[in-house]
Amino acid sequence: MTITRIKDLHAHEGEEVTIQGWVYKRTGKGKLSFLLLRDGSGFAQCVAFKGDLDEEVFETIKRIPQESSVVITGTVRKDDRAPGLPGGYELGISALSIIQSAADDYPMALKEHGADFALDNRHFWLRMPSQWAILRIRATVISAIREWLDDNGFTLVDTPILTPAAAEGTTTLFETEYFDEGKAYLAQTGQLYNEANIFAFGKVYCFGPTFRAEKSKTRRHLTEFWMVEPEMAFCDLDELMNVEEQFVSHIVKKVLEKNRPELESLGRDISALEKVNGEFPRITYDKAVEMIKEIQAQTEDPEEKAFLEIEWGMDFGARHETVLTQQFDKPLFVYGYPTQVKAFYMEPMPGRPEACKSVDLLAPEGYGEITGGSERMSDPDLLLQRLHEHGLPEESFKWYLELRKYGSVPHSGFGMGIERTVAWICGTDHIRETIPFPRTIKRVYP
RNA sequence: UCCUCAUUAGCUCAAUUGGCAGAGCGAGCGGCUGUUAACCGCUAGGUUCUUGGUUCGAGUCCAAGAUGAGGAGCCA
């Protein structure tokens, strides 16, 4: 028996096909019953009419519990009334068999749920169209990332997850016993290893899970999240921004190509995403501080005014990033951050040691930082000094310092947080929905 | 670590000044030939987060605690 997938129904108009999946929703209207069936590739409405079916079959359909697994045969019809993802086509049921009739106490009613309940039931929540759409877009984002990097001369070189020390001093790390070698830590970045790898491969990237034991409880933080980190030899800050621009544009373009029904089902403003191409605006940190001060001066609300307080040298908070990005309709580069708020390995701005060649890319519509990168420091003496200033153990970084001795070149790289990027593209307000099983400070279940 | 808010049926939420514990959805039963969160009728469903206190009487007031949320701090 050939099984047709719901995403392909449109190509079978007028034909009798068989699909298999799960009953997402059932409604009835006397001699008609509607099943909204989910098969992983989409959602499609199947219609049973009492007059077309045996009494017994029709009664079965009328009573089939939500989430039952079924095989349905029927004729594909085009009908604008048919809901689904993608909608517009439905199946007139001629036969149905039940693989398993689900228990009638399925906990996830088809309605809005609170965050706690939804997360406790993440294993079921995944079945709902909104979550299905977001995670499908996540899959496209990941494949677009790899596609662009692979097609542009980057080599995938995996970096370790168990590491001997922090890549930056102030961050809290997840710690584990490592046999007789003392402590090991879950990686918070693969970047330092990337810097070793460029000397063999020129342009590299690593892509994997990253761990932060920060006690951050916000809609932008997870303790386990995914990050892609490209790193390039012979690349300065300007070229880095050129690369990021093309990279992000490609990702958005792919999602627009492949996931339009998903975006529409999420209610995403697609025209906003369509603007994401070409050159992105680039402003210095100094300019950004000025802009924030101007906005703050015009703000009436005292609470908001307090949040927007800024002086040169401070890192941006979420509110700062929000008001900045609202001035533009494309992602925004802010470069040249104060040295003191950034990691130890960033190249100083020429003649301005208090600022460094770092760049963050801030997503529009208030979504904030989605990439952070920099040109890396080339002076080995200064690097050692910074290491000490950050209180990092020199022993653990011996290999890293040695990289500057043998064929050092200007090089740059950045990291992109997958969940923040997906949240922006989907218009989701919390990144916990953009990863299948989110890990937060208060949740490791399910 | 700090601030704010929340906790009542499986879920989302009401409950007036301290005075009988409610609705919608979901579930079960019945009705309806185009439903889109369908609609109509009926049925079942409660440790009001916990402990203690005030009171004739507490979902409501007081105290302590628990759990959660999203902001700050922190966050290549």
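Labels below follow one simple rule: chain letters A, B, ... track the order of the sequence lines, proteins then strands, and each chain is numbered from 1.
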Pair [X]-[Y], side-chain donor/acceptor within less than 3.5 Å:
X: A/Gln191; Y: A/Tyr345; result: yes
X: A/Glu239; Y: A/Ser412; result: no
X: A/His411; Y: A/Glu375; result: no
X: A/Gln45; Y: A/Arg81; result: no
X: A/Glu244; Y: A/Thr371; result: yes
X: A/Glu229; Y: A/Tyr205; result: no

What's [X] touching, base or sugar-phosphate or nothing? Going by heavy atoms closer than 4.0 Å.
X: A/Phe307; value: sugar-phosphate
X: A/Asp315; value: nothing
X: A/Glu231; value: nothing
X: A/Glu229; value: base
X: A/Arg63; value: sugar-phosphate

Salt bridge (charged side-chain N to carboxylate O under 4.0 Å, His left out) with A/Asp286: which residues, sequence neighbours excluded?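 For A/Asp286, the residues satisfying salt bridge (charged side-chain N to carboxylate O under 4.0 Å, His left out) (neighbours in sequence not counted) are A/Arg352.
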For A/Asp315, enumerate each residue passing the salt bridge (charged side-chain N to carboxylate O under 4.0 Å, His left out) test, keeping only those at least two apart in sequence or located in another chain.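 A/Asp315 satisfies salt bridge (charged side-chain N to carboxylate O under 4.0 Å, His left out) with no residue once adjacent residues are dropped.
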For RNA chain B, produce a single dot-bracket line, 5' to 3'. Pairs: Watson-Crick or G-U wobble, both distances under 3.5 Å. Symbols: ( ) within strand, [ ] crossing, | other strand, . unpaired. (((((((..((((.....[..)))).(((((.......))))).....(((((..]....))))))))))))....
Given the [atom1] atoms of [N] and [M], what is the spacing between them in whole Å?
N: B/rG52; M: B/rA15; atom1: P; value: 28 Å
N: B/rC5; M: B/rC61; atom1: P; value: 13 Å
N: B/rG26; M: B/rA63; atom1: C1'; value: 38 Å
N: B/rG22; M: B/rG59; atom1: C1'; value: 12 Å
N: B/rC29; M: B/rG70; atom1: P; value: 38 Å
N: B/rA21; M: B/rG57; atom1: P; value: 15 Å
N: B/rA44; M: B/rC49; atom1: C1'; value: 25 Å
N: B/rC56; M: B/rG41; atom1: C1'; value: 42 Å

Tell me the interatomic distance from [X], atom [atom1], to [N], atom [atom2], rounded to whole angstroms.
X: A/Gln66; N: B/rA27; atom1: CD; atom2: P; value: 7 Å
X: A/Glu67; N: B/rG26; atom1: CD; atom2: C1'; value: 13 Å
X: A/Leu119; N: B/rG70; atom1: CG; atom2: C1'; value: 13 Å
X: A/Asp120; N: B/rG68; atom1: CG; atom2: C1'; value: 10 Å
X: A/Arg220; N: B/rA72; atom1: CZ; atom2: C1'; value: 10 Å
X: A/Ile61; N: B/rU35; atom1: CD1; atom2: C1'; value: 15 Å
X: A/Arg319; N: B/rA72; atom1: CZ; atom2: P; value: 7 Å
X: A/Arg420; N: B/rC75; atom1: CZ; atom2: P; value: 12 Å

Under 4.0 angstrom between A/Lys29 side-chain N/O and B/rC32 OP1 or OP2: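 The answer is no; no side-chain N or O of A/Lys29 sits under 4.0 Å from OP1 or OP2.
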Taking the six-membered ring for Trp, are [X] and [Y] ring centroids under 6.0 Å apart?
X: A/Phe124; Y: A/Tyr106; result: yes
X: A/Phe316; Y: A/Tyr285; result: yes
X: A/Phe225; Y: A/Phe211; result: no
X: A/Phe437; Y: A/Trp125; result: no

Spatial distance of atom OG (A/Ser33) from atom NZ (A/Lys29) [nearest 0.5 Å]: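 Going from OG on A/Ser33 over to NZ on A/Lys29, the span is 11.5 Å.
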Between the protein and nucleotides 39-42 of chain B, list the N/O to N/O atom pairs that are separated by less than 3.5 angstrom.
none

Under the side chain to side chain donor-acceptor pair (under 3.5 Å) criterion, do A/Arg376 and A/Ser374 qualify, and how do the steps go? CA-CA 6 Å; A/Arg376 316 307 189 187; A/Ser374 65; 2.6 Å; yes
Check this for me: does the side-chain of A/Glu214 come within 3.5 Å of the base of B/rG73 through a donor and an acceptor?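 Flag unset: no donor-acceptor pair detected.
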Quiz question: going by heavy-atom distance under 3.5 Å, is there a donor-acceptor pair between the base of B/rC75 and the side chain of A/Ser216?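 No pair found.
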Carefully, step by step, assess A/Phe174 and A/Tyr185 under the rule ring pair (Phe, Tyr, Trp, His ring centres under 6.0 Å). CA-CA 6 Å; A/Phe174 286 107; A/Tyr185 305 89; over 10 Å; no
Please name the residue in the list A/Arg439, A/Arg220, A/Arg138 that meets the salt bridge (Lys or Arg N to Asp or Glu O under 4.0 Å) test with A/Glu419.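 The passing option is A/Arg138.
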On RNA chain B, does the nearest nucleotide to A/Asp116 precede the nearest nucleotide to A/Leu32 from the 5' side, or the other way round? Give the residue.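 Final value for this comparison: A/Leu32.
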With nearest nucleotides of RNA chain B determined for A/Asp104 and A/Lys25 from heavy-atom distances, which residue corresponds to the more 5′ nucleotide?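 The residue closer to the strand's 5' end, by nearest nucleotide, is A/Asp104.
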Using a 4.0 Å cut-off on heavy atoms, which residues in residues 422-442 of chain A reach RNA chain B? List them by number, or say none.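 Residues of residues 422-442 of chain A that come under 4.0 Å of RNA chain B are, in numerical order, A/His430, A/Arg432, A/Lys442.
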Name the closest nucleotide to the A/Arg212 side chain, picking from B/rC75, B/rA72, B/rG70.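 Nucleotide nearest to A/Arg212's side chain: B/rC75.
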Between protein and nucleic acid, restricted to nucleotides 6-11 of chain B and to nitrogen or oxygen atoms under 3.5 Å apart, what atom pairs and distances do you find?
residue: B/rC11; atom: O2'; partner: A/His113; partner atom: ND1; Å: 3.0
residue: B/rC11; atom: O2; partner: A/Lys111; partner atom: NZ; Å: 2.7

